[in-house]
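Step one of this worksheet: look at the structure below.
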Amino acid sequence: MSRLAEGATDLRAPATGTAAMPEATAAVAVRATLRFFASELRVTFFRRRNQLLLLVAALFPLVIGIGLKAADPHGGGGGRGPGASGAAYFSQLAGNGVFLTFVALSLLLILVLPVVVGVVAGDSIAGEAGYGTLRYLLAVPAGRTRLLAVKYATIVVWSVTATFVVSVIALLPGVVLFGAGPVTLLSGTTVSLADGLLHVLWVTLYVCAAMAAFGAIALAISTFTEHAIGAIAASLIIVVASEVIENVPQFAPVNPYLPTNWWLDFDSLLRTPVDTTTLWHGLLSFAVYAVLFVSIAWARFTSADVTS
Amino acid sequence: MTMTPDGHSAELAIASSALTKRFRGGQVAVDHVDLAVPRGSVYGFLGPNGSGKTTTIRMLLGLAYPTSGTARVLGVPMPEGTTRVLSRVGSLVEGPAFYPYLSGWDNLVRYDAADASAPGKTAKARISEAMERVGLLAAAGKKFRNYSLGMKQRLAIASALLVPRDLIVLDEPTNGLDPQGTREVRTLVRQIAADGITVFVSSHLLAEVEQVSTHVGVMRLGRLVFQGELTALRRTAAPRVAVRTADTATAAEVLAKLGLAGPQAGADLVTAELGDIAPEKITAELVHAGVGVRALTVEAPSLEDLFVGLTGEGFDVEAG
């Protein structure tokens, strides 16, 4: 909190012009922005459409768990053999329900989680423009940079929520259907259940970072249109296109730069010792995408006329 | 805050200089507009649809960036001062816009939360007061999408009144309203003005602002073709005397001898500006000169006629 307040002093003092009590002014500005952020979160999380999205995201792990159990009551291999690349945890599911989290995350990362994030992020600015509420927010004045910051912060919270909904909900049917106990990692080491859950937390946080970075892409697209549906569709087309390119061997050289390339690389977190090189590459990719596209969003949003 | 109608820019709520907006297609929507809106006035911003009123307002509110020229709102340059000055400016731009899935109350909570200068502690009291003022408190819990057009418009005005303002900008506040709703808005504008708040209200109908305005500006094809006190606009409407007679030649001579300006003669009609001459004197002179007067009338053009004269008949006529 206090660090946040100090940071805000530096940013706001020249803007407000009244340097009489910079400390107090900054505190007021921070409190006001937190109030705006809280309002944005309320509007986002209480919107029926968004609640349905979370519900759908929560249903998938249940369906996947039941499906895998029904298809192969004795093991977790499902249709994919243990050698299936990048999905070694499928075969581990038999031994431990904790692995349903990784199965669910890896399956939902293909499209469902991007949809959940893309709808909210693609709607963020374009939706306000479509309703005409953008001009009123700016006339309030919310401040263009401030509004964008609040929007992106909300997208990040939303991405984290959606990802945790999937991984936490997946634990329930996972444990009920496949049992719980000491977790055998992909490298063969067995760790305690508590340690296994810690791995679940790390993996979930990694996916949160991936989704937050994707949210930045959708936010940037959102600043270019007043049709929310167009922004949402465009952001999802980027996901699908990136995934298609990843699967064409001839495009291998560009793979590391694709937005979706590192999304599934959390399986190194399921080995000991953890292969941090891949993880850092992934996190670096997310950071670059987030910074780049938030910058694009900012450049566009602070310079364009609001005509809606 | 003493009011000097023709004072310098510090006393102007809105001042623009050669404000111009050229769209990407090359179309000039606003062309060198010099607005001067005195503090404490009710300024009627008039012009037909498409004459550049809304684009001007968008530039004044920092929503659109001018191509050239400058604008000051409450003495602060725009759009640079947007976040500094707009908390003192309440606005309704191009119709009400709210979240359809939120109630009227929650919509105002939302806009109020976005305002960095509005204290959260007093939000409830202020929203309640604003809704009360526009007579919507009873419908506060209703979803916005279920509001009637008039209620939507009033909610927009309530959002403009959430915090104390020095200036209220209302863009076509009566658009789409029935006569009852129009009258309500007019009453609200009067009340707001009575509190000493400057009101800048745009309309394509003169009749709607005529009764409340102290000043008017008239836009035509992106240009400000008239600006001043409403009484000054009225004064530009010189009354004319019209004489209906068979003997137009003699009648015209008499009018010329009396020194009437701007004579015009028709088949059986002679007209001229009345000036200071009493109509009965003209009658006497005409009769004295032996002109058979069939009818003599004094015609003062209505404000509406003047308005149409300034703005043109409308699009079709303009295009033709």
Side-chain angles (χ1 to χ4, degrees), chain A residues 8 11-12 14-18 25-44 46-52 123 127-151 226 301-308, chain B residues 21 23-24 29 54-55 57-67 76 78-102 106-121 123 144-145 155-156 159-160 162-163 169 171:
Chain A
L11 285 172
R12 293 285 301 191
T16 48
T18 50
T25 322
V28 168
V30 168
R31 207 174 311 132
T33 300
L34 287 177
R35 182 175 165 233
F36 185 24
F37 183 37
S39 147
E40 180 71 25
L41 287 176
R42 230 181 359 257
V43 170
T44 304
F46 280 88
R47 190 165 177 188
R48 191 65 54 83
R49 182 198 69 189
N50 296 347
Q51 290 174 339
L52 281 174
D123 187 56
E128 301 274 5
Y131 283 135
T133 47
L134 184 57
R135 63 173 185 269
Y136 281 99
L137 283 175
L138 293 181
V140 154
R144 294 191 186 216
T145 304
R146 184 166 163 266
L147 175 60
L148 200 68
V150 164
K151 284 286 181 188
E226 52 192 74
F301 191 55
T302 53
S303 65
D305 286 348
V306 173
T307 52
S308 60
Chain B
K21 180 69 183 182
F23 287 131
R24 223 177 297 162
T54 297
T55 306
I57 289 173
R58 279 180 182 274
M59 286 192 282
L60 294 177
L61 295 177
L63 294 172
Y65 300 114
T67 311
V76 178
M78 297 296 282
E80 301 84 1
T82 305
T83 51
R84 249 183 306 154
V85 77
L86 285 192
S87 50
R88 290 154 62 203
V89 181
S91 54
L92 191 164
V93 197
E94 237 182 313
F98 292 92
Y99 304 86
Y101 49 88
L102 294 182
D106 286 343
N107 266 297
L108 293 192
V109 170
R110 165 91 176 141
Y111 283 148
D112 191 64
D115 188 348
S117 69
K121 269 185 222 154
F144 176 72
R145 67 161 65 92
L155 187 65
S159 79
L162 281 176
V163 291
V169 176
D171 184 17

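Each chain gets a letter, A, B and so on, in the order its sequence line appears, and its residues count up from 1. Only this structure's heavy atoms are used, side chains among them; waters, hydrogens and symmetry mates stay out. Everything quoted here is computed from the prediction, not taken from an experiment.
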Is it the backbone or the side chain of A:E40 that comes under 4.5 Å from a heavy atom of chain B, or both, or neither? both

Looking at every heavy atom in both B:Y65 and A:T302, which two are closest together, and how far apart are they? OH-O, 2.7 Å

Are the side chain of A:R135 and the backbone N or O of B:V93 linked by a donor-acceptor pair below 3.5 Å? yes

Could you check whether atom CZ of A:R48 has more than 12 heavy atoms from other residues, nucleotides or ligands sitting under 6.0 Å from it? no

Does the pair B:M59 and A:D305 meet the rule for a side chain to side chain contact (heavy atoms under 4.5 Å, CB included), with working shown? CA-CA 9 Å; B:M59 286 192 282; A:D305 286 348; over 6 Å; no

For the student: nearest non-hydrogen atoms of A:P141 and B:D115, plus distance: CD-OD1, 4.2 Å

Given the rule in the side chain to side chain contact (heavy atoms under 4.5 Å, CB included) test, do A:F36 and B:R110 qualify, once you have shown the distances and angles that lead to the verdict? CA-CA 8 Å; A:F36 185 24; B:R110 165 91 176 141; 4.0 Å; yes

Minimal heavy-atom distance between A:Y131 and B:A97, with the atoms involved, is O-CB, 3.3 Å

Spacing of CZ belonging to A:R47 relative to OH belonging to B:Y101, to within rounding of 0.5 Å: 4.0 Å

Heavy-atom distance under 4.5 Å to chain B: side chain of A:T33, backbone, both or neither? neither

Residue selection (most heavy-atom pairs with chain A, distance under 4.5 Å) from B:S159, B:P119, B:P79, B:G95: B:G95

If you tally heavy-atom pairs under 4.5 Å between each of B:P96, B:A160, B:A156 and chain A, the highest tally belongs to B:P96

What's the spacing between B:L102 CG and A:F46 CZ if we round to 0.5 Å? 11.5 Å

Which region of A:R144, side chain (C-beta onward) or backbone (N, CA, C, O), has a non-hydrogen atom less than 4.5 Å from a non-hydrogen atom of chain B, or is it both or neither? side chain

Got a salt bridge between A:R35 and B:D112, using NZ or NE/NH1/NH2 to carboxylate O under 4.0 Å? yes

At a 4.5 Å cut-off on heavy atoms, which part of A:R42 comes close to chain B: side chain, backbone, both, or neither? side chain

Please flag which part of A:A38 lies under 4.5 Å from any non-hydrogen atom of chain B: side chain, backbone, both or neither. neither

